[in-house]
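Here's the structure we're looking at; comments come further down.
Protein chains get the first letters and strands the later ones, always in sequence-line order, with residue 1 at the start of each. We use all heavy atoms of the structure for the numbers below, so side chains are in, but hydrogens, waters and symmetry mates are not.
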Protein chains: 2
Amino acid sequence: MKYNIDTSEKILNAATHEFEEKGYNGTRMQGIANRAGINKALLHYYYKSKDALFQIIIHKAFKVFIPQIVSVFEEDTDLFTTIEKFTSSYIDVYIKNPRVPSFITQEINNNPERLVNLIQSSGVNVEIFKNKIIKAVKEGQIIDIDPEQLIVNIVSLCLFPFVAKPIVTKLILRGNDKDFDRFMEKRKNEISTFIIKGIRK
Amino acid sequence: MKYNIDTSEKILNAATHEFEEKGYNGTRMQGIANRAGINKALLHYYYKSKDALFQIIIHKAFKVFIPQIVSVFEEDTDLFTTIEKFTSSYIDVYIKNPRVPSFITQEINNNPERLVNLIQSSGVNVEIFKNKIIKAVKEGQIIDIDPEQLIVNIVSLCLFPFVAKPIVTKLILRGNDKDFDRFMEKRKNEISTFIIKGIRK
DNA sequence: AAACTTATTAACCATTTGGTTAATTTTAAC
DNA sequence: GTTAAAATTAACCAAATGGTTAATAAGTTT
């Protein structure tokens with residue numbers, strides 16, 4: 001026997017929660033151990049250091065989420081369909097993993113370099129999407145919009161609500177977590193209409 | 001003489017930078033002292049504790065930025081003009097204070113309650129804006145859009161690029177800080193066109 | 001310039017924190 | 001059932017960190 005897989009998973013789950021909630025600097029190894037119901041020494045027995053554990057978790061997060069989105073870019077469909085599919089599946093991923101955007105946002109501040117490298121090395125290629133937009137402009141299908149502005153628009157509309165979840169929930173919706181979920185579920189389908197109407201000629 | 005105003009400001013500046021860059025948990029009192037070119041004991045002589053210092057800084061940030069935006073809501077202009085003015089001045093504030101959105105975003109994660117209270121007590125009232133949207137829908141000026149979705153759209157489009165600045169700069173623009181500034185300067189004027197086209201009947 | 005207040009510092013302290021050691025219990029192998 | 005490997009723990013450690021103390025330097029007042 002080499003490493004109890006059950007304990008290993010328990011730790012990884014606990015650590016993921018802690019890091020997502022409190023960020024790297026706010027997370028304590030003791031806190032992870034407590035949450036996993038184990039001893040701090042055992043934690044270090046399974047994972048060398050806090051940093052090593054964090055690396056694994058952030059890598060895992062990207063391995064899971066990025067590919068689903070990339071595949072949408074690469075499909076050979078028209079721009080409108082791409083936008084519809086992208087927004088819908090992008091929001092859907094985060095409805096199921098609502099703490100991830102904040103986690104990533106925190107990481108942007110702490111270590112921008114690492115994050116950029118991670119995304120790049122995970123095969124995201126914005127150029128394909130850019131070209132699709134440029135083509136649509138040339139063909140007169142959409143208005144003359146800067147492809148970079150449009151991409152930022154799309155990503156902003158999908159991601160920001162998750163990053164600012166408490167503000168959206170309490171200040172704008174004046175509700176609770178359930179109201180937020182409903183709001184995002186509705187958004188998942190509506191957002192592409194808004195975007196497409198904003199660029200269609 | 002009670003407290004050297006110069007030293008006091010030096011500390012506040014240093015602390016603001018540190019907190020903005022590293023977040024509450026990542027910031028060290030020694031780091032602030034170093035940056036201010038003083039001794040750690042003097043830091044505590046001027047500001048009771050790390051938390052007290054942080055409170056002052058986050059309050060100050062809100063006192064400065066919120067009122068400018070609220071005033072736009074309250075003006076008695078039509079919806080389209082309101083959107084134009086809001087997006088333009090909102091983005092402009094952050095072009096001049098680009099680290100603030102990340103700072104606030106970190107605070108959302110650490111202490112959502114405090115942030116929501118702070119915003120509410122600083123007089124932001126979304127209802128005025130909501131009503132303006134509802135009225136525009138009724139009068140057939142814009143399509144039948146959920147006012148909450150529209151507000152989130154507007155805020156997302158303005159704020160998210162700042163929160164994800166490194167990603168936008170390196171991954172989408174494939175440039176540097178200057179490219180980002182140019183991008184946002186252009187965005188300041190273009191974004192309202194996109195929004196209004198997206199809702200106009 | 002003496003007396004007093006304010007500003008600044010070096011040295012110190014208690015607690016927290018990531019990480020280690022060495023011993024103990026559990027599991028698997030023979 | 002004995003032995004070896006793996007899993008788990010209690011106790012410990014050094015460095016970092018927020019904060020304090022007590023002494024000194026710089027200004028003000030009279």
Ignoring backbone atoms, test whether A:Tyr47 places a side-chain nitrogen or oxygen under 4.0 Å from the OP1 or OP2 oxygen of C:dG19. no

Quick one: side-chain hydrogen bond (donor to acceptor under 3.5 Å, both in side chains) pairs with a partner in residues 146-158 of chain A, sequence neighbours left out? A:Lys130-A:Glu148, A:Asp146-B:Lys186, A:Gln149-B:Arg187, A:Asn153-B:Arg187

In 5'-to-3' order, the base (B), backbone-only (S) or no-contact (-) status of each nucleotide in nucleotides 14-26 of chain D, using a 4.0 angstrom heavy-atom cut-off, is ---SBBBB-----

Which ones in residues 7-20 of chain A lie close to DNA chain D, meaning a heavy atom under 4.0 Å from one of its atoms? A:Thr7

Can A:Lys132 and A:Thr82 be said to form a side chain to side chain donor-acceptor pair (under 3.5 Å), step by step? CA-CA 9 Å; A:Lys132 208 172 262 188; A:Thr82 305; 3.1 Å; yes

Could you tell me the separation between the CG atom of A:Asp6 and the P atom of C:dT26, rounded to a whole number of Å? 17 Å

Could you check how far CG of A:Asn34 sits from P of D:dT9, rounded to whole Å? 12 Å

Nearest-nucleotide pick for B:Tyr45, side chain only, options being D:dA7, C:dA7, C:dT9: C:dA7

So salt bridge (Lys or Arg N to Asp or Glu O under 4.0 Å) across residues 13-25 of chain B, not counting sequence neighbours, yields B:Glu18-B:Lys22, B:Glu18-B:Arg35, B:Glu20-B:Arg99, B:Glu21-B:Arg35

Using modelled atom types and a 3.5 Å cut-off, is there a donor and acceptor pairing between side-chain atoms of A:Ser8 and backbone atoms of A:Asn4? no

Can you confirm whether A:Asp51 is buried at CG, in the sense that more than 12 heavy atoms of other residues, nucleotides or ligands lie under 6.0 Å from that atom? yes

Can you list everything that forms a side-chain contact (heavy atoms from CB on, under 4.5 Å) with A:Asn189? Sequence neighbours excluded, please. none

Indicate, with yes or no, if the rings of A:Phe54 and A:Phe19 have centres closer together than 6.0 Å. yes

Could you list the residues that satisfy salt bridge (charged side-chain N to carboxylate O under 4.0 Å, His left out) with B:Lys96, not counting sequence neighbours? B:Asp92

